Each structure stands twice: as structure tokens, then as C-alpha cells.
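What you see is a predicted model, and the numbers here were worked out from it, not measured in a lab.
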Amino acid sequence: MAVTTTTPPQWSGVHRLPGLEGRIPKSRRQAIVLTTFGSLGDLYPILSVARALEAEGVEVRLALPPDDCDMARRWGLLATPVGPTEAEVLEPLGRTREDVAADVLRDLGPPLRDLALPILPRVLDDLQPLCDGAALVAGTFLALAGPMAAERAGLPYVPIALQPYLTLSAEDPPTGRGFGLMIHEPRRKAAVLWNRQVIGLVHGLFRLRHGKAFNALRVRSGLLPADETPVLQQTGDIPMTLALWSERFAPLFPDRAGQWRPTGFPRAPEGTLPTGAQAWLDAGPPPLVVTLGSIGQTIAGPRFWPEAVALARALGLRAVLLHGKAEVPKGPDVLALPYGAHAHLFPQAAAILHHGGIGTTAEALRAGKPQLVVPIGGDQFDNAARLERLGFGTTLPARRFTAARATRRLRALLDRIDYPALGALADQIQAEDGARVAALHLIRAAGISAPP
């Protein structure tokens, strides 16, 4: 089977079997189905888009893992649980959420084979009724049932990419594990052609690992086998792919223009700081804020948090630790919080130390703060590299993270950073409303008429 390396992932044919097309005339379809799977970094953007669609008068049908439905309700949104709970999946295997997060960041293949594929039929069965009478389905990278449900219902599907890493562009190649052969900043045509071959190899290996299992599941679900790469490419009617980030952070290159629609970063999720946190912040100079995201607090190893506090002290800073359930150091110069709303906290920081998740990266840029990124896996290396190219961040791999190394890296960044330029970028990102732009694209793709 030939490997296609020049066609963007969303350009593909329809593979549904006859008789599965939706029966409601397109002119009467007014709802949009949104689905996601993953961490809060995957959930928050979808909730933002759902709110923006509702603000435009469009019916939104949120399909979320059961454990995420409470968060949707906190945002004032209704959600339908699809698939099993986290406990139903992990407890029989003796695994924790942190175990799975570490596996996914290290190599997506085994979690895809052992966790995602076995539950996919149940997720698909739960999701399918939401497509009845809908105009379009949209979902994020790991929401594997979304495109299949859309295809079975005869509906268009819009992939929502949250990270520039997912463009797999030969002209703007991703940084990270599995892409070490890529030529970054390719200036010659031969370098771009080489990168296309590497991307083709990635697709070929992914198909080799997962294509047979995915196609067997497609057939059991009433769909024809597909030639496209599972997860990395979509089948069916794909009118566009949404790129939910700022082009000031990662512009779309010509080989990913056209079908890709940049929106800007969605605005920050809501939330407040815990009781007493603001008083602590007001009582001293701006701190170093440290976070490893919603599921990675233990992944960087047991020495990460003590070394992060030592880093702050070496720079003469206090430290705010968003530590989740991890054990962290204590002291009068340390504010330990299980969680703190980034939108409230980051603007009060001197600098931000984080894992490189796209949501955290966006909030730190929006706050106009220098960033030290300690990537662990996945897209985090790519986001870190982009921050370095902008001149507003520096990076240190988790396996090499010590207070001494981090102090040298962050001090050098603070000495050379162009604060006026960083502030100007922050203002531009603050002005973006990626969720509303995404909502308007979805409305147009769905052919939904404007409400009266």
C-alpha cells in the first residue's frame, strides 16, 4: 500500500456502507455534536467552543467521558456521558490515571491498543444517538469514536487540532520523540522532500501497528475498511480541520494551508484561587509558578518538586506549586495548591515553570511571562521548541532537570528576554477569541442557518 505524504490528513474519501446515511433532511439539521477525550487541556477548549456555539444560538450536544461531565456542568453546559468511567477501565488493570498519562506521553501505541480500542465500540454506541438530527460532528485528536459516528450517520466531521504538532507539516516539522530524523527549518526543497518521506514513514509504521485492528473494528461497526492512517488521518466527509492556536505562536505553512482553519487560542477557562492564596501573593514579590498540568504531577519523578523549589530560592523568588496529589516541600516561601486558575495566577508570576502542554503554554503567553519548559512527552517538546524560537522560553528535559541546570537556563532567559515584545504578543493573544472563531467555522461547515 503506497504511503501518501503530500495530501493533508483531512482530505479523504467516504467509506460508509449504504443505508447508514442520516434520514433527516440537511435543511432541518441544526445541532452540532462536540466530543473530546483526554486531560483538562483537551476538555477546556471543547467547553469553550460549546459555550461559543450556544452564544450563537446553536444547539450543542456535548459527548464526554463520564468523569468530565461534572466539569461541563460547572461551566453551565449539559453533557452526555459516553463510554465507561475511568474507574471501570483502570481498576481491573491495576492502573492509575498517572500511569496511563505516562504511557501515552512515552508511546501512544500500547495505550491505544490496550485501553482505547477495547472501549471504542461502547463509546461509539453511546455517541451514535446524539448524531440523530445533527448537522455536523467535531472532536479532538483522541476522540476516536467521533469520526466513526459521523461517518455512520452520513454527517461531516471536523477534526479539532489543539497543538501545532498535529499538523505533521514537512515545511514546519514537529519536534519530539519519533521525529529526530526531521530537518527543522528546512530552507531547501530537498529538505522538505526528505521531511515528507519521514512523515510518510511515520504513517506507514502507525498503519502497520494499528491498521488491522482499526479496520476490524470498522467492519464490526458497519463501515468499510479504510486506507487512511488510524488516528492520524480521518475518513469520511472532512470539510476542514480547525487549528485552535494562535498563528503568532505557530503560523500555518503552505503545505497545511487551505483545509486548515486557524482560530487563535480559546480564552482562559474560568476559576478562582483558593481561599488565602491572593493574600499570600499580595504579601510578597511575584513568585515562580510551577505546574505539570492536570495529570502529570508525578510523571517527572520524585525529585522534581524539591528541585523546583530550590530553583525558585536560587533566584530569590517565592514559589507557587500547583501540585495536584503529589507530595511537595513546605515553607513560608512556598504556596502549595492542588489547583489554581491559570488566568488569575499567571499574570501575578515572575516566571512560569511547566510541562509544555498547549493550554498552559497559551495561558503563560497570554499573561506575558517568561517560561521554562520541562517537557515529558507528546507535543510538549514541540511547544517548548516553538517558545525557544520566539525567544520567550527555554527548555530542559525532565530527565536532566536539576535546580542548578534550571537556574542557569532561566537566569539566562530572564537576562536576555525582550519584555516589550513579549508584552505586545500577550496583548495580541488576549485579543483573540479562538472559541468564537472556531464556532463560526463549525456553523458554516454545518450549513446551519443563523437563528432569528
Look at the side chain of [X] and the backbone N and O of [Y], then say whether any donor-acceptor pair between them is shorter than 3.5 Å.
| X | Y | answer |
| --- | --- | --- |
| Thr360 | Gly356 | no |
| Glu307 | Arg303 | no |
| Gln233 | Glu228 | no |
| Arg436 | Ala55 | no |
| Thr291 | Gly293 | yes |
| Trp245 | Ala250 | yes |
| Glu388 | Thr395 | yes |
| Arg261 | His441 | no |
| Thr80 | Ala63 | no |
| Arg318 | Gly284 | yes |

Pair [X] + [Y]: basic N to acidic O under 4.0 Å:
| X | Y | result |
| --- | --- | --- |
| Glu363 | Lys369 | no |
| Arg73 | Asp68 | no |
| Arg218 | Glu151 | yes |
| Glu432 | Arg366 | no |
| Asp382 | Arg386 | yes |

Is the number of heavy atoms from other residues, nucleotides or ligands within 6.0 Å of [atom1] ([X]) greater than 12?
| X | atom1 | answer |
| --- | --- | --- |
| Glu247 | CD | yes |
| Arg416 | CZ | yes |
| Leu205 | CG | yes |
| Tyr157 | OH | yes |

So which of His342, Gln371, Gln380 actually passes side-chain hydrogen bond (donor to acceptor under 3.5 Å, both in side chains) with His354?
->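 Exactly one option meets the side-chain hydrogen bond (donor to acceptor under 3.5 Å, both in side chains) with His354, and it is Gln371.
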
Taking the six-membered ring for Trp, are the ring centroids of His210 and Phe214 within less than 6.0 Å of each other?
->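 Ring centroids of His210 and Phe214 are no less than 6.0 Å from each other.
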
Closest contact, heavy atoms only, [X] versus [Y]:
| X | Y | value |
| --- | --- | --- |
| Leu317 | Pro286 | CD2-O, 3.7 Å |
| Ala406 | Leu396 | N-CD2, 3.8 Å |
| Val82 | Pro66 | O-CD, 3.5 Å |
| Ala385 | Thr175 | CB-OG1, 3.8 Å |

Side-chain donor-acceptor pair under 3.5 Å between Arg207 and Thr229, yes or no?
->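 Their side chains do contain a donor-acceptor pair, which is all the 3.5 Å distance test asks for.
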
Can you tell me if Asp255 and Ser169 form a side-chain donor-acceptor pair at under 3.5 Å?
->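 Yes, a side-chain donor-acceptor pair sits under 3.5 Å.
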
Taking the six-membered ring for Trp, are His323 and Trp305 parallel (under 30°), tilted (30 to 60°) or perpendicular (over 60°)?
-> perpendicular

Geometric class of the Phe179/Tyr165 ring pair [parallel <30°, tilted 30-60°, perpendicular >60°] =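 Taking Phe179 first and then Tyr165, their aromatic rings stand perpendicular (interplane angle over 60°).
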
Going through the checks in order, is the side-chain contact (heavy atoms from CB on, under 4.5 Å) test met by Ile417 and Leu422?
-> CA-CA 8 Å; Ile417 201 165; Leu422 178 55; 3.8 Å; yes

